[in-house]
Amino acid sequence: MESTKYLLSLFLILSFTIFLSAQQPGIINTYNRPSTSLNGYWKYIVDPYENGFYNYRLEAFENQKDPGKNAFFTNSKPDNPSELIEYNFDLSDSLQVPGDWNTQEEKLFYYEGSLWYKKSFDYELEEPSNRLFVHFGASNYQSDVYLNGKKLGRHIGGFTPFSYEITKLLNARDNFLIVKVDNKRIKEGVPTLNTDWWNYGGITREVKLIETPSTFINDYFLYLNPQDPTRIQGFVQLKGKQLANQAIDVGIPALSVTLPLITNNEGYAKVDISVQQIRYWSIEDPFLHEVVISSGKDKIKEQIGFRTITTQGSKILLNGSPVFLKGISIHEEKPFKGGRGNSEEDANQLLSWAREMGCNFVRLAHYPHNEHIVRMADQMGLLVWEENPVYWTISWDNPDTYANAARQLRELISRDKNRASVIIWSMANETPASDARTEFLTNLSLLARDMDPSRLISAALEQGRYNNDPLIRTIDDPFASVVDILSFNQYIGWYDGLPDKLDQIKWRIAQEKPVLISEFGAGAKYGLHGDKLTRWTEEYQEFLYEETIKMLGTIPQLQGMSPWILVDFRSPRRVLPGIQDGWNRKGLISEEGKRKKAFYTLQKYYQSKD
Ligand code: GCU
């Protein structure tokens, strides 16, 4: 009898936790909402054995009828001098949030495991009928979130935003928000065990409290119809109690548009505005329209650029005119300091270097970067490739892995779908072709097209030998039939022969689609000089760029490139002493901001393309 009661209560607890975390897809478009920042110093406890999450029988405290005081998320203190409690957040050290833990504490540089954060705060709702959400810009990799000892939910994925409603759990004073972040790499993860970047762990982006009216504008999407640029289409979605027949106003003053809408029973209203004259968003004129969306007590101001991005044969058309993507790949690392980038200052430095090189395009590899960099690209007139971290040897047959990849893609598109600078959603990077993999990626592409009919789909595809001839290359990837842009990485002259091999290579690409070289490059230690066939010299890297640019020019469908990579970046795979020392050296700029000779080679080429 006892065991039945126990099992029933276990089932009820589990289902409530799942319901709680599943029911709130999370508030989005927080950028323009008034908020209360929780950035700053958070207490932390390193917990490699997850002693604060499981009892010694490896049963999760949160699944017990009474989690007891040893569960770290209860933030318990002894009631009397005899009581045994073996942790204390208040007596623990602090970490800066946002920020990875690796570069804040020497002892955490290589740490991969669980670490608990705690932040206390007071909060009073401005209006008692309002709602309150806690919003995380990102936290790598798996985050279990609790408020005042109650589980809010679990988020998996290290590069997309998530949030939970905390209205009903809020105290006026001394709320304690506790997060267990676990950055252990796992085979069925997205990304999987093996990557060529540093596994920065922690609450790596901003945390804020967002107060909303009881019914609020939770989502909206406005875009120019790619096939008919005289129509702005999209939707507005309310969230809350009063959803049906609610009035919404969409205003675009520069277009003298005021569009009254009425929601359906789900709080959804379609947008379809006919606009004759519109100032496009473009590289030369990145004009952003002020858009004001209001409904009931809620009002959101947004800056949206209207443009079309399409393909025609092997051309990429921006607002109907061909564009050549003069790009560079970028990892999200803090310039000069290393560590996960997350600020406007980081974004401004990286994009300014790209602009100095003559770029009109950046490939944000290999995962969603922070929101600052895409909003800054909107303002600077830079085109953007954003990528889901489906990288290398993903567990293609695992349905949970697919669900994870699909959710992260949905979270990315949900966050950035109103950013004119973003023109390409990349499904993956360098994934070994198989039926399971191509089905996995095809399903992701269907999801992306369903959420967003206004952008192009790509991925770093597989390329290989044509008729088994080592000197003739082609794209032999079945996913090529699905994507809009044929992108691929090629390292002839670095992983495949030397740079003097490049002038022997021919390309035979059958598909009549735009071709984008998503990566090529060579490692060079800044300041190391020698002849052009001596590895790791700047001259080798420079020679490879010169020869690669010539070779790529022989591809008739070539419409752009994003060489690997703007800046040297940390990778545990790169251990050559005196040369790499834990850094991937393919940057055109060193981690200290020094430009290598190949920087000027690419700059000269891009300037010649004007
Ligand atoms: C691959 C991969 C990158 C990696 C690069 C390299 O193309 O996409 O993530 O860093 O090669 O080997 O430097």
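Atoms within each ligand, like the ligands themselves, are counted from 1 in listed order. Bear in mind that the values here come from a model prediction, so they are computed numbers and not experimental data.
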For atom 12 (O) of ligand 1, grab the closest protein heavy atom and report residue, atom and distance to one decimal in Å.
Y495 OH, 2.5 Å

N489: numbered ligand 1 atoms lying under 4.0 Å from its heavy atoms
7 (O), 8 (O)

Which bit of R585 gets closer than 4.0 Å to ligand 1, counting heavy atoms only: side chain, backbone, both or neither?
neither

How about CD on E105, more than 12 heavy atoms from neighbouring residues, nucleotides or ligands closer than 6.0 Å, or not?
yes

Ionic contact status for R595 with E538, cut-off 4.0 Å:
no

Centre-to-centre under 6.0 Å for W494 and W536, is that the case here?
yes

Could you tell me whether some N/O pair between E430 and ligand 1 is separated by less than 3.5 angstrom?
yes

Got an N/O contact under 3.5 Å between H331 and ligand 1?
no

Nearest non-hydrogen protein atom, atom 13 (O) of ligand 1:
K586 NZ, 2.7 Å

Does this structure show an ion pair linking D484 with R449, if we count only N-O contacts that are shorter than 4.0 Å?
yes

Anything under 30° is parallel, anything over 60° is perpendicular, the rest tilted; go ahead and classify H366 against H331.
perpendicular

At less than 4.0 angstrom from any non-hydrogen atom of N429, what atoms of ligand 1 do you find?
2 (C), 8 (O)

Measure the distance from atom 2 (C) of ligand 1 to every protein heavy atom, then report the residue, atom name and distance (to 0.1 Å) of the closest one.
E519 OE1, 3.4 Å

Is any NZ, NE, NH1 or NH2 atom of the basic residue among E591 and R585 found under 4.0 Å from an Asp or Glu carboxylate oxygen of the other?
yes

Starting from atom 10 (O) of ligand 1, find the nearest protein heavy-atom neighbour and note its residue, name and distance.
D196 OD2, 2.6 Å

